[in-house]
Q: 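What follows is a structure written as structure tokens; I'll ask about it next.
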Amino acid sequence: MLSNTCLKWALLVLFTGSTVSELVVIGEAGRDVTVPCLYHVRDRSGITSMCWGRDRCPNSKCSRPIIWTDGWKVTEQHSSRYQLRGDLQRGDVSLTIVNATEADSGTYCCRVEVPGWFNDQLINRKVVVQKARISTASPHTYTSEQTSAPGSTSESSSAVTRPWSSVSAAEAPQTASTPCSGPSDCLDVAANLQNTSVSLPSQQHPERGLYIGIGSCAALLLILILALCIT
């Protein structure tokens with residue numbers, strides 16, 4: 001009878017003494033992934049050792065251990081990629097996987113060693129590291145505002161035609177209708193136009209001199225006729 005009671009008590013402690021929980025942590029390849037694990041610390045005497053392992057928590061210790069701490073500092077470290085960046089003395093023993101890869105996916109065990117039989121805190125974490133996201137946005141393209149082909153004379157011809165606005169179509173020289181073939185030709189055309197605009201005022205009324213000549217001849221004839229009549 002006593003042996004049966006002791007056996008039941010042992011089985012009860014075995015299956016209910018430890019706390020086991022599981023949580024899924026999703027990360028992205030190429031980034032740091034933090035796997036949380038905390039335990040309660042009342043005072044300095046409550047600080048204890050713990051370990052992280054690459055598998056589900058066994059009955060004792062950690063299978064395939066990757067990092068250990070005595071509660072104050074890291075005592076063993078399988079790789080520099082596995083770090084404990086939390087405040088260890090306050091019970092933050094979260095695992096940080098630096099520059100995670102898809103190969104880091106799997107189950108991790110956080111085992112906090114609590115004094116006493118079957119009192120350890122067991123936490124299983126499932127880590128899923130996904131491929132890095134690739135942006136699907138189309139790259140920005142920049143187009144030139146130039147609409148004419150290089151070497152075209154559209155801009156130079158428009159610059160030459162501006163001085164022609166003060167000259168009528170009948171008075172414009174015939175050479176101005178043909179576009180210039182180069183910068184030097186354009187300068188020559190512009191100079192010719194300036195010379196033409198300067199000389200135009202003297203040629204605007206050529207018939208005025210003709211009228212003066214006719215009037216002078218008429219006056220001379222009148223004077224001759226009067227002289228003949230007198231004589």
Side-chain angles (χ1 to χ4, degrees), residues 3-142:
S3 61
N4 291 335
T5 303
C6 292
L7 179 60
K8 291 180 180 179
W9 178 83
L11 292 175
L12 181 64
V13 172
L14 179 63
F15 290 105
T16 62
S18 306
T19 57
V20 181
S21 60
E22 187 168 359
L23 178 70
V24 177
V25 178
I26 300 177
E28 184 177 343
R31 297 180 178 271
D32 296 351
V33 177
T34 300
V35 187
C37 184
L38 305 170
Y39 70 94
H40 181 64
V41 178
R42 294 181 180 178
D43 50 31
R44 295 174 63 89
S45 61
I47 298 174
T48 183
S49 59
M50 62 84 57
C51 64
W52 278 95
R54 284 293 305 266
D55 209 341
R56 294 184 65 84
C57 295
N59 293 331
S60 63
K61 306 299 181 180
C62 290
S63 59
R64 300 170 59 192
I66 56 177
I67 194 168
W68 284 80
T69 177
D70 59 1
W72 300 89
K73 64 182 181 302
V74 175
T75 56
E76 295 183 23
Q77 191 175 14
H78 178 72
S79 172
S80 59
R81 295 180 58 245
Y82 303 118
Q83 300 178 6
L84 300 179
R85 297 179 176 177
D87 191 345
L88 301 179
Q89 300 177 14
R90 292 192 177 185
D92 186 358
V93 290
S94 301
L95 173 67
T96 298
I97 305 174
V98 179
N99 194 17
T101 63
E102 294 183 59
D104 293 320
S105 299
T107 301
Y108 290 75
C109 168
C110 172
R111 188 184 195 100
V112 180
E113 297 178 342
V114 180
W117 284 15
F118 309 108
N119 289 335
D120 291 354
Q121 176 180 308
L122 310 179
I123 301 177
N124 293 315
R125 296 284 193 251
K126 184 178 180 181
V127 177
V128 178
V129 180
Q130 301 175 344
K131 292 183 179 180
R133 299 177 182 177
I134 301 176
S135 177
T136 57
S138 59
H140 296 286
T141 57
Y142 300 93

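The residues of the chain are indexed from 1 along the displayed sequence. Because the structure is a prediction, the values reported are computed rather than measured.
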Q: Within this structure, what is the CZ-CG distance for the pair R111 and L122, rounded to the nearest 0.5 Å?
A: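 That separation rounds to 4.5 Å.
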
Q: So, are D104 and R81 salt-bridged, with charged N and O less than 4.0 Å apart?
A: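 Answer for the salt bridge query: yes.
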
Q: Is it the case that the side chain of Q77 and the backbone of S79 share a donor-acceptor pair, with hydrogens and angles ignored and the cut-off at 3.5 Å?
A: yes

Q: Looking only at side chains, do T48 and E113 share a donor and an acceptor under 3.5 Å apart?
A: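 Checked: T48/E113 side chains show no N/O donor-acceptor pair below 3.5 Å.
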
Q: Distance check, rounded to the nearest 0.5 Å: R133 atom CZ versus R31 atom CZ?
A: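 It is 8.5 Å, given to the nearest 0.5 Å.
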
Q: What I want to find out is whether D120 reaches K61 closely enough, with some N-O distance under 4.0 Å, to be called a salt bridge.
A: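 Looking at K61 together with D120, the answer is no, because their closest N to O distance does not fall below 4.0 Å.
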
Q: Grab the two heavy atoms, one from P36 and one from L23, that are nearest each other, plus how far apart they are.
A: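 Scanning both residues, the minimum pair turns out to be CG-CD2, 4.3 Å.
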
Q: Applying the side chain to side chain donor-acceptor pair (under 3.5 Å) criterion to K73, which one of T75, D70, T69 satisfies it?
A: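 Output: one option passes, namely D70.
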
Q: In Å, rounded to the nearest 0.5 Å, how long is the span from CG of D92 to CZ of R85?
A: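 Interatomic distance, D92 CG to R85 CZ, rounded to 0.5 Å: 12.5 Å.
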
Q: Using side-chain heavy atoms (C-beta onward) and a distance below 4.5 Å, is V112 in contact with L38?
A: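 SC-SC contact between V112 and L38 ruled out.
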
Q: For A132 versus A29, what's the shortest heavy-atom pair and its separation?
A: CB-O, 3.8 Å

Q: Looking at CG of D55 and OH of Y108, how far apart are the two atoms once the value is rounded to the nearest 0.5 Å?
A: 11.0 Å

Q: With a 4.5 Å limit on heavy-atom distance, are the side chains of Q89 and V41 in contact?
A: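 Contact flag for Q89/V41 side chains = no.
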
Q: What's the separation between atom CD in E102 and atom CD in E28, rounded to the nearest 0.5 Å?
A: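 Atom-to-atom, E102:CD and E28:CD are 10.5 Å apart.
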
Q: Would you call C109 and R56 a side-chain contact if the rule is heavy atoms closer than 4.5 Å?
A: no

Q: Given 3.5 Å as the limit, does a donor-acceptor pair link the side chain of W52 with the main chain of V93, or not?
A: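 It does hold such a pair.
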
Q: Walk me through it: do C57 and C110 pass the test disulfide bond (SG atoms under 2.5 Å apart)?
A: CA-CA 7 Å; C57 295; C110 172; over 6 Å; no

Q: With a 4.5 Å cut-off on side-chain heavy atoms, are Y82 and R54 touching?
A: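 R54 vs Y82: side chains touch.
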
Q: Walk me through it: do W72 and I47 pass the test side-chain contact (heavy atoms from CB on, under 4.5 Å)?
A: CA-CA 8 Å; W72 300 89; I47 298 174; 3.6 Å; yes

Q: I'd like to check V33 versus V25 (side-chain heavy atoms, cut-off strictly below 4.5 Å). Are they in contact?
A: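 In contact.
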
Q: Is there a side-chain contact between R125 and I123 (heavy atoms, below 4.5 Å)?
A: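 Counting from C-beta outward, R125 and I123 do come under 4.5 Å.
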
Q: Taking all non-hydrogen atoms of both residues, which atom of G30 and which atom of N99 are closest, and how far apart?
A: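 Heavy atoms of G30 and N99 come nearest at CA-OD1, 3.3 Å.
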
Q: Nearest 0.5 Å, what's the CD1-CD distance between I67 and E76?
A: 10.0 Å

Q: Identify the two heavy atoms, one from C37 and one from S94, that lie closest to each other, and give their separation to 0.1 Å.
A: N-OG, 3.2 Å

